[in-house]
Colleague: 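Got a structure here, written out as structure tokens. Questions coming.
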Amino acid sequence: MLRLRAFRPTSDKVVKIQLHPTHPWLVTADANDRVSVWDWEHRQVIYELKAGGVDERRLVGAKLEKLAEGDDSKGKPTEAIRGGSVKQVSFYDDDVHFWQHWRNCSAAAEAPTAVNQQSSTFSAPAPSTRGRHFVVICCENKVIFLDLVTMRGRDVPKQELDNRSLLCMEFLSRSSSGDAPLVAFGSSDGVIRVLSMLTWKLVRRYTGGHKGAIACLMTYMSAAGEVHLVSGGSDGLLILWSADHIHDSRELVPKISMKAHDGGVVAVELSRVMGSAPQLITIGADKTLAIWDTVTFKEIRRIKPVPKLACHSVASWCHPRAPNLDILTCVKDSHIWAIEHPTYSALTRPLCELSSLVPPQVLAQHKKLRVYCMVAHPLQPHLVATGTNIGIILSEFDPRALPAIAPLPTPTGNKEHSAVYIVERELKLLNFQLSNTANPSLGNAGVASDTGRLRNESIEQLVVKQTKKHISTPAPHDSYSVLSVSSSGKYVAIVWPDIPSFAVYKASDWSVVDSGTGKLFAWDTCRDRYALVESALAPRMPLVVKGGSSKKAKEAAAAAAQAAAAAASAASAATVQVRILLDDGTAHVLQRSIDGRSEPVIGLHGGALLGVTYRTSRRISPLTATAISTVQSMPLSGFGGSGSSFASDDPFSSKEGPPQNFQLYSWETYQPVSGLLAQPEWTVWDQTVEYCAFAYQQYIVISSLRPQFRYLGDVSIPFATGAVWHRRQLFVATPTTIECVFVDAGVAAIDIETKKRKEEMKAREAQSRAVAEHGDLALITVEAPQVTASEKVSLRPPMLQVVRLASFQHAPSIPPFIVPKQSKLDGDDSVFQKELDGRRYSEVAVAGGGVSVAVTRFPPEQKRPIGPLVVVGVRDGVLWLVDRYMCAHALSLSHPGIRCRCLAAYGDPVSAVKWATRLGREHHDDLAQFMLGMGYANEALHLPGISKRLEFDLAMQSNDLKRALACLLTMSNSRDVGQETAAADATDVTQILNLAVAKQAKQESLSDAVQGIVKFVKEFFDLIDAADATGQADIAREVLKRLAAAASVKGALHGQMLRGLALRLANHGELTRLSGLVTNLIAAGHGREAAFAAAVLGDNALMEKAWQDTGMLAEAVLHAQAHGRPSLRNLVIAWNKMLQKELDHTPTVKTDAAAAFLASLEDPKLTSLGETEKKPPIEILPPGMPPLSAPPIVIKKSGTKPGLPNAAQASNGPIGAPMIQGATAPQGTQMVQGAPIAPGAPGAQGVPINQSAAAPAQGTDEAKPSEATAADAATPAAEVAAVPGSEEATAAPGTEEAPAAPVTDAASNTDPAAAPAPAADTNSADAPGVTPVEAATAAPSTEIPEATDKPSSTEASPPPPPPPPAYESVV
């Protein structure tokens, strides 16, 4: 329950302290008058200054500012005045002002005679400080106003306030928005002086009341709606002043004066009392505490909280964990003392011992801890800050405790909602409903009122009408209780964990149907079934009454603590029971004990599955948390023992992770359905059993339950206290905010598989039932044509979107120092300022037809009610909350940005689209993305303001291809591309000129369109594929027109896209555009793409032309040879010329002497220069082609083996010279590298290869002609790439010559396997080409592969060079 939230050690005792309501700031003053502002959440000091004396930094800064502004005044700056002792420190900004006003109004509204009893209806004050955050330090000699935004200060000396010492201060509410902020100061002469923060001048005085110094000031609102100022003085008087007409400059006299304390009033505090008028609490120097009624101004009660010690601080407190403790006070000891409800015994008990919270090493230097000041957080009652002699201690009291209230289900058609709650020992019913006459759905947010005040604080004035009704059945206990309702709403369970005891009530007549001892209780969300852990009744702990520091009292407390510990261990060791409530209202035990683990049970969590938490052996820090999120193991988070030992607040300080001590059980079988998970702080399950949320300290884990349990993700919402599901919306309350999480599980592959598996299982079960009923006859089936509906289920990722609905902070204003100064017009504010303010505050614009249109994506954050809240849920279109004072609050969900999302998440996308007309069109894209994540792509297409890009994506997802085409044409600016217009009838000169101008404009627009098409080329292709898949050929043709037009521009499209376009054009029979595409590709130099397109067309001549014109002669040669083209010889000549040129330009390779000597032995020597002319030129020929220099040889197909007699001459040829035609390589002789093989010379024992495979299909990445470049093939240093199975040296030296296969001419090849190779790729752009290796095992032939015939230059080869000088070989 109690832990240390933050601690800051100080050297001096802290005597003044104040908390900021919305920011994590804390301002303190110590005994040496040093003031510091501390951020307790991030553990850092924001500002420090020496207020008692002269702060040198501020003095130097003020002088520098004066110099910069050119002010040469010789007067002494106010920063140079000594402040004297600090009397009070405080914050002031729009947040402080708003919540002060809210507190006063809500306390006044509790009275039965109050003017305004509806919640959330008071008029919020207008923003006054314009984004500044002031720290106000009241010293004896001056007041320091320090702006934390600009770090600039304003010092007001006491000379401005009648030269009287200043002892206390209070900020006054203003009656109209035009008034400046006012501060009232209590002076040493008993006069209250009011200072304007706009003019920094004295505006009025309150006189004639006190005869001594004024010690404290406070404002409050009476039940009649009047604002009063209360002052307490050193003369012991408590005086009431009117603070309503603060613009009146007259000196006002007191309304009521009464004697409160002997020796002076120390402090005064306002107390909100449930169901009655507010009360005043005063403490005095006479060691007493007095409670005053604000209607009769009579003393209700007077007590001495701690004997012999005077109280120095008092705070009104209302925490659900301690429902009977209403007042906190402190004396100079180490405790925070709590006082029970005054109508009870008004006993004082120590709430906590602070010395147990602080680090022990800090306490070792001091004898005893002493508290000198204390303040409770104005908005979060679980936070209490104390100033001590060792530092600042910020304590936290069970932030997860919720008010003892449970909402009941509302009957259909009923506008009044109800909730049951428990106060003291009474069960009561709270009825609440909206009392607006206007439709709460109409978004009239932020309309300026007649007075000029902008109502941007609340989206909508939701007037709540509520009544409280007593239930005759009394409650047996008055301690902390937890209420919960069964799934049907017929039963209400109340658990008193401190007793421990529970009772189950029937909601119809409030009779008890079950009760017992135990503090662990959990409902099933599907049936009226619950689990509990019964335990032995532990003795109640005795109260520590006044003077309870005696030895006997300590011994009694120790004995009671031991008894409580023994009872707690006995309770936790008990087993989990499951009971069900039958229709007649009786409880029946279903399971005596869930056979789970042997560890003691320390927690139960209800839901669609029963969660049981076990105690682990090792102790962990309650703040340890890790964020490991997997499907198998839920995210780990720690919430362990609540010991009061000092623990670091760093969640990563623990070296070991939290324990896996949480297990889920089935309500039906009582068997575990999961492994051990990390224990959540609370769980909440959807009523439709589709989603669940597990809350941990720093985040909430959300999972889907159907068709199987699947982790969706976690949202970073720390310190969440409770939540409620509303279909796919999770409304979460934290101590400072209200959040809405929109959830959708999406579609995962595992879901589809599980669904299919379940359907198969159902079919098998149905079949087995039929067999059991009808026997084997049920298995007889009649074969029918199988119609397989292969619907494509598009996968969709899960979606989690968090929207903050409410928080404590005021809507941020724009500080005036940020706005640039501009010339003023007619004395008004600058135009820029007006425009900025209008844009910030006016959240509504008016569209056509007078419809109000919200111009913001989400509404400004509404104000979260104070204190812990129970989230009731969404009813009547608003989110209902109930606070600690059992007061219902309504949060508006009518802003179109929220409303549309809520409707879509609830499953009504049509209404969401209708509501979107009230949302600014610039936010429609965002809304469409949200609807797409929710699975409503078709409906999102009807949003009028979505962008074309998003419209295209949505149309593609919803298969509306016509709309997708229209969007794509608009985006790419290509609507007119491909629309041919005939100009044949243009006879007039004017028409011809007009046509010329139009043609020029068309060319310009074509260039723009081509750029657009290139930009969206992927989308164009996706659209073609989608059209092909759905049989919409007309859409595909429209797209192909545009793509073909873009491909006609040089350099617009690149290889892969061009190949895909050619394939799709052929697929759709667009042969005319395809042939045009080939011509453009050749002109652009894309030889491979052009050849591929020509192959798709089936035009061999065009394919050959494509290779030849782009310099890819190797491919052209192979293709010509494979198809017997007459241009083969010319192509080979041109190819050899190009290779010869590359050979000549090849740089010489340096060789060492040994290599040169060995080469000289092998190379034949020329005997004379005349023989050089006889050397034949280097020729690279395709297989089976005769040399270019030799006459053609006619080979008969008689099966003879030509070339065998000349086989022995192969080893005598020079390196680099072609082998003589007809010669074969002898076995055992390795061929020289780089020597091209003459056609007709087969290798020994070579695997024959189909000759037609030498020309693989061009145009795909896989079908490259070879892997070696043409240049490497021509150089002597290049290696001959050996094909497996066709190596020359496969036999041992000396073996006999192997018979060679006959050689057939390529032109007269009649082998049926030698089909034209380029036709292999006409069907698929991705079909692999036929490599020579693959062909070797496919079809028999008589040719061997030659490495020199495999150039694979992927780039366009240069034009053929002039022929080099020829060399002849010496025979």
Side-chain angles (χ1 to χ4, degrees), residues 948-949 951-952 955-956 961-984 986 994-1028 1032-1097 1099 1102 1105-1106 1109-1110 1259 1325:
K948 290 296 177 185
R949 184 70 183 86
E951 187 179 353
F952 171 78
M956 289 291 288
L961 300 187
K962 287 186 178 179
R963 187 162 180 180
L965 175 62
C967 295
L968 206 50
L969 296 184
T970 304
M971 285 192 295
S972 60
N973 197 20
S974 60
R975 192 172 293 278
D976 299 328
V977 176
Q979 311 294 328
E980 293 83 1
T981 56
N994 289 341
L995 282 172
V997 173
K999 186 176 181 182
Q1000 184 180 359
K1002 186 178 178 183
Q1003 287 179 348
E1004 293 175 359
S1005 65
L1006 179 64
S1007 64
D1008 294 341
V1010 167
Q1011 291 179 1
I1013 292 170
V1014 171
K1015 183 178 179 182
F1016 296 102
V1017 65
K1018 184 180 181 300
E1019 286 76 10
F1020 275 109
F1021 277 116
D1022 292 343
L1023 185 55
I1024 293 175
D1025 296 340
D1028 289 345
Q1032 303 181 50
D1034 51 341
I1035 292 177
R1037 287 196 186 95
E1038 287 295 322
V1039 179
L1040 284 171
K1041 282 182 191 176
R1042 273 79 186 175
L1043 285 175
S1048 65
V1049 179
K1050 184 175 181 180
L1053 299 180
H1054 297 290
Q1056 195 67 31
M1057 293 298 176
L1058 290 169
R1059 287 196 291 274
L1061 176 59
L1063 195 65
R1064 288 167 175 83
L1065 283 170
N1067 191 29
H1068 284 270
E1070 298 279 345
L1071 299 183
T1072 306
R1073 285 193 168 86
L1074 186 58
S1075 60
L1077 177 67
V1078 175
T1079 309
N1080 295 327
L1081 288 174
I1082 294 174
H1086 297 293
R1088 299 179 67 207
E1089 287 77 10
F1092 175 74
V1096 172
L1097 278 173
D1099 190 340
L1102 190 58
K1105 182 177 182 296
D1109 290 356
T1110 54

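Because only heavy atoms are used, hydrogens play no part in the values below, and waters and symmetry mates are left out as well, while side chains stay in.
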Colleague: Nearest 0.5 Å, what's the CG-CD distance between L1023 and E1038?
Modeller: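 Rounded to the nearest 0.5 Å, the CG-CD separation comes out at 10.5 Å.
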Colleague: What's the separation between atom CG in L1063 and atom CZ in F1092, rounded to the nearest 0.5 Å?
Modeller: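 Output value for this atom pair is 5.0 Å.
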Colleague: Please identify each residue that fulfils side chain to side chain contact (heavy atoms under 4.5 Å, CB included) with A1044, with sequence neighbours left out.
Modeller: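 A1044 satisfies side chain to side chain contact (heavy atoms under 4.5 Å, CB included) with R1073 only.
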Colleague: Excluding sequence neighbours, so at least two apart, what forms salt bridge (Lys or Arg N to Asp or Glu O under 4.0 Å) with D1025?
Modeller: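 For D1025 the salt bridge (Lys or Arg N to Asp or Glu O under 4.0 Å) partners, ignoring immediate neighbours, are R1064.
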Colleague: Between D1028 and A1036, which heavy-atom pair has the shortest distance, and what is it?
Modeller: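 So the minimum-distance heavy-atom pair works out to OD1-CB, 3.9 Å.
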Colleague: Work out which heavy atom in A1066 is nearest to a heavy atom in L1074; give both atom names and the distance.
Modeller: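 That closest heavy-atom pairing would be CB-CD2, 4.0 Å.
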Colleague: Suppose we screen for side chain to side chain contact (heavy atoms under 4.5 Å, CB included). Which residues come up paired with V1017, at least two apart in sequence or across chains?
Modeller: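 Once residues adjacent in sequence are excluded, the partners of V1017 under the side chain to side chain contact (heavy atoms under 4.5 Å, CB included) criterion are F1021, L1043, L1053, M1057.
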Colleague: Are R1042 and L1040 packed together at the side-chain level, in the sense that at least one heavy-atom pair is separated by less than 4.5 angstrom?
Modeller: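 A side-chain contact under 4.5 Å is absent here.
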Colleague: What residues form a side chain to side chain donor-acceptor pair (under 3.5 Å) with N1067, not counting sequence neighbours?
Modeller: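 Testing N1067 for side chain to side chain donor-acceptor pair (under 3.5 Å), a comparison that skips the adjacent residues, returns none.
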Colleague: Looking only at heavy atoms, which two atoms of F952 and A964 are closest? And how far apart?
Modeller: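 What the structure gives for the nearest pair is CD1-O, 3.4 Å.
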Colleague: Who pairs with R963 by salt bridge (Lys or Arg N to Asp or Glu O under 4.0 Å), at least two apart in sequence or on another chain?
Modeller: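 With sequence neighbours excluded, R963 shows a salt bridge (Lys or Arg N to Asp or Glu O under 4.0 Å) to E951, given in chain and number order.
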Colleague: Using 0.5 Å steps for rounding, measure from the CD1 atom of I1013 to the CG atom of L969.
Modeller: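 Nearest 0.5 Å value for the CD1-CG distance: 8.5 Å.
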Colleague: What's the separation between atom CZ in R1037 and atom CD1 in I1024, rounded to the nearest 0.5 Å?
Modeller: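 Taking CZ in R1037 and CD1 in I1024, the distance rounds to 12.0 Å.
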Colleague: Could you measure the distance from the CG atom of L965 to the CE atom of M956? Nearest 0.5 Å is fine.
Modeller: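 Result: 10.5 Å between the selected atoms.
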Colleague: Between CZ of F1020 and CE of M971, what distance do you get to the nearest 0.5 Å?
Modeller: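 If we round to the nearest 0.5 Å, F1020:CZ and M971:CE are 8.0 Å apart.
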